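Remember, it's a predicted structure, so these values are computed and weren't measured experimentally.
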Amino acid sequence: MANSPEHPPGTAAAQTRPRRTQRERREASRAAILSAARDAFIEHGFNAVSLEEIVKRAGLTRGALYHQFSDKAAVLRAVVEAEAAQMQVRLRQGLAGVDHPMERARLGFGVYLDSLDDPRVIRLMAVEFPAHCGLDRTALDSPWLRYTEALIEDAVSRGLLERVPVQAVARLIIAFSREAVLAIADADDPSATRREMEAALLALYRGLERRPSPR
C-alpha cells in the first residue's frame, strides 16, 4: 500500500495520524485567518491591513479566505465576535455565585474593563468595529445588549428597579460602557478615570432603584 503523500514514509505520523475531515480543515483555516487578522488589525489598524497580508500571515490563499468571508469587514466582525465570546467566558467565571442582577451588572463592568487592558484592543472593538460594521448593528445585535436587557428584566421582575423601558435603558448602559472604555483608553490617568466611570455607573443604577412606597 502506498504511503500517504501528507507524511514521509516510515514516520510515526504517517502510520497513526488520521486524515482531517473537510470540516476540520475549514475550522483550522478559519482559526488561522482570525488569529492572523486579529494580530494585524491590532498592530496596524483596520485600514492599513490588506487581505493579502492576512492570508500571508495565516499561510493560506486568498481563495481560502473568500471561501469563508465576503470581505475584510466580515473578517473584522468575526474577530470582534470571537473577542466578545472570550469576554463572556470571563464574565461567567468572574460572576459565578453572584445572584443579585444589579451587583452582576456592576461587577460585570469591572470584569469587562479588566479584559480590555490593551488600548489597541479597545480601539479595535469600540472604534474600528462600529466605524466599519455599523453602529446600529453593534448596538442592536451585541451580546452585551441582550445580557444587559436580561439583567434589567430580572431586576424589574424582583421589584429591585422601577418599571422602565428595558431595551432603551439597556442601550443607554451599553452607550455609557462604550464611552467609558474610550475615556479610560485616552486618559492620562486611566486608573483614576476608571474609578470615576465605575462610580458614575453605580450612581446610574442607584437612580433606577425602586423606592419604597410611602406609608
Side-chain angles (χ1 to χ4, degrees), residues 34 38 74 76-119 121-187 190-215:
L34 294 184
R38 181 189 186 278
L76 174 61
R77 183 179 300 116
V79 167
V80 170
E81 288 172 350
E83 289 289 316
Q86 292 180 6
M87 288 182 186
Q88 288 183 314
V89 171
R90 297 188 190 106
L91 274 175
R92 287 194 294 270
Q93 294 172 342
L95 300 178
V98 180
D99 179 64
H100 194 292
M102 290 298 93
E103 187 68 4
R104 288 179 64 84
R106 185 184 69 80
L107 293 175
F109 184 58
V111 174
Y112 174 66
L113 293 177
D114 289 340
S115 66
L116 289 175
D117 56 356
D118 187 336
V121 177
I122 293 176
R123 178 168 183 80
L124 181 68
M125 298 189 69
V127 178
E128 295 194 323
F129 178 49
H132 297 285
C133 296
L135 182 59
D136 286 343
R137 184 193 185 282
T138 306
L140 292 174
D141 294 347
S142 168
W144 309 115
L145 179 63
R146 295 190 292 273
Y147 174 79
T148 305
E149 285 177 349
L151 289 179
I152 295 172
E153 287 175 347
D154 186 22
V156 170
S157 69
R158 296 193 197 186
L160 301 172
L161 295 186
E162 297 288 347
R163 292 201 171 275
V164 294
V166 171
Q167 188 179 65
V169 172
R171 292 193 70 172
L172 289 175
I173 291 173
I174 294 297
F176 172 93
S177 301
R178 186 184 302 114
E179 289 302 315
V181 165
L182 294 177
I184 293 167
D186 293 337
S191 296
T193 302
R194 172 172 173 166
R195 289 193 295 271
E196 291 174 354
M197 292 298 171
E198 289 179 317
L201 183 61
L202 180 59
L204 188 156
Y205 287 141
R206 285 177 174 168
L208 296 171
E209 288 179 356
R210 187 172 185 178
R211 300 293 186 268
S213 300
R215 296 182 178 180

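- The salt bridge (Lys or Arg N to Asp or Glu O under 4.0 Å) search around Arg92 returns none, not counting sequence neighbours.
- The pair Arg146-Glu149 fails the salt-bridge criterion, with no side-chain N (NZ, NE, NH1 or NH2) lying under 4.0 Å from an Asp/Glu carboxylate O.
- Minimum heavy-atom separation, Cys133 to Leu76: SG-CD2, 4.3 Å.
- For the pair Arg123 (side chain) and Glu128 (backbone), a donor-acceptor distance under 3.5 Å is absent.
- Partners of His100 under the ring pair (Phe, Tyr, Trp, His ring centres under 6.0 Å) rule, at least two apart in sequence or in another chain, do not exist in this structure.
- Here the closest heavy-atom approach between residue Gly108 and residue Leu95 is recorded as N-CD2, 3.9 Å.
- Considering only heavy atoms from C-beta on, Ile173 comes within 4.5 Å of Ile152 through its side chain.
- In this structure Glu83 satisfies the side-chain hydrogen bond (donor to acceptor under 3.5 Å, both in side chains) test together with Arg38, sequence neighbours excluded.
- Scored by the salt bridge (Lys or Arg N to Asp or Glu O under 4.0 Å) test, Glu179 finds no partners at all (sequence neighbours excluded).
- The heavy-atom pair separating Ala84 from Met125 by the smallest distance is N-CE, 4.2 Å.
- A pairwise comparison of heavy atoms in Asp99 and Arg104 identifies O-CD, 4.1 Å as the closest pair.
- Interatomic distance, Met102 CE to Leu151 CG, rounded to the nearest 0.5 Å: 5.5 Å.
- Shown here for Val111 and Gly94, the closest heavy-atom pair between the two residues is CG2-CA, 4.5 Å.
- Among all heavy-atom pairs drawn from Leu145 and Ala170, the shortest one is CD1-CB, 3.6 Å.
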Can you give each donor-acceptor pair under 3.5 Å made by side-chain atoms of residues 195-202, sequence neighbours left out, with the distance rounded to 0.1 Å?
{"unit_1": "Glu198", "atom_1": "OE2", "unit_2": "Arg194", "atom_2": "NE", "d": "3.3"}

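- By the ring pair (Phe, Tyr, Trp, His ring centres under 6.0 Å) test, Tyr205 pairs with no residue at all, sequence neighbours left out.
- In this structure, the side chains of Arg90 and Gln86 come closer than 4.5 Å at one or more pairs of heavy atoms.
- Inter-residue side-chain proximity for Val79 and Leu124 is flagged as met; some heavy-atom pair is nearer than 4.5 Å.
- Between Thr148 atom OG1 and Gln167 atom CD the span is 11.5 Å, to the nearest 0.5 Å.
- Note that the CD1 atom of Ile122 and the CG atom of Leu113 stand 8.0 Å from one another [nearest 0.5 Å].
- Considering CG of Leu161 and CD of Glu209, their distance stands at 7.0 Å, rounded to 0.5 Å.
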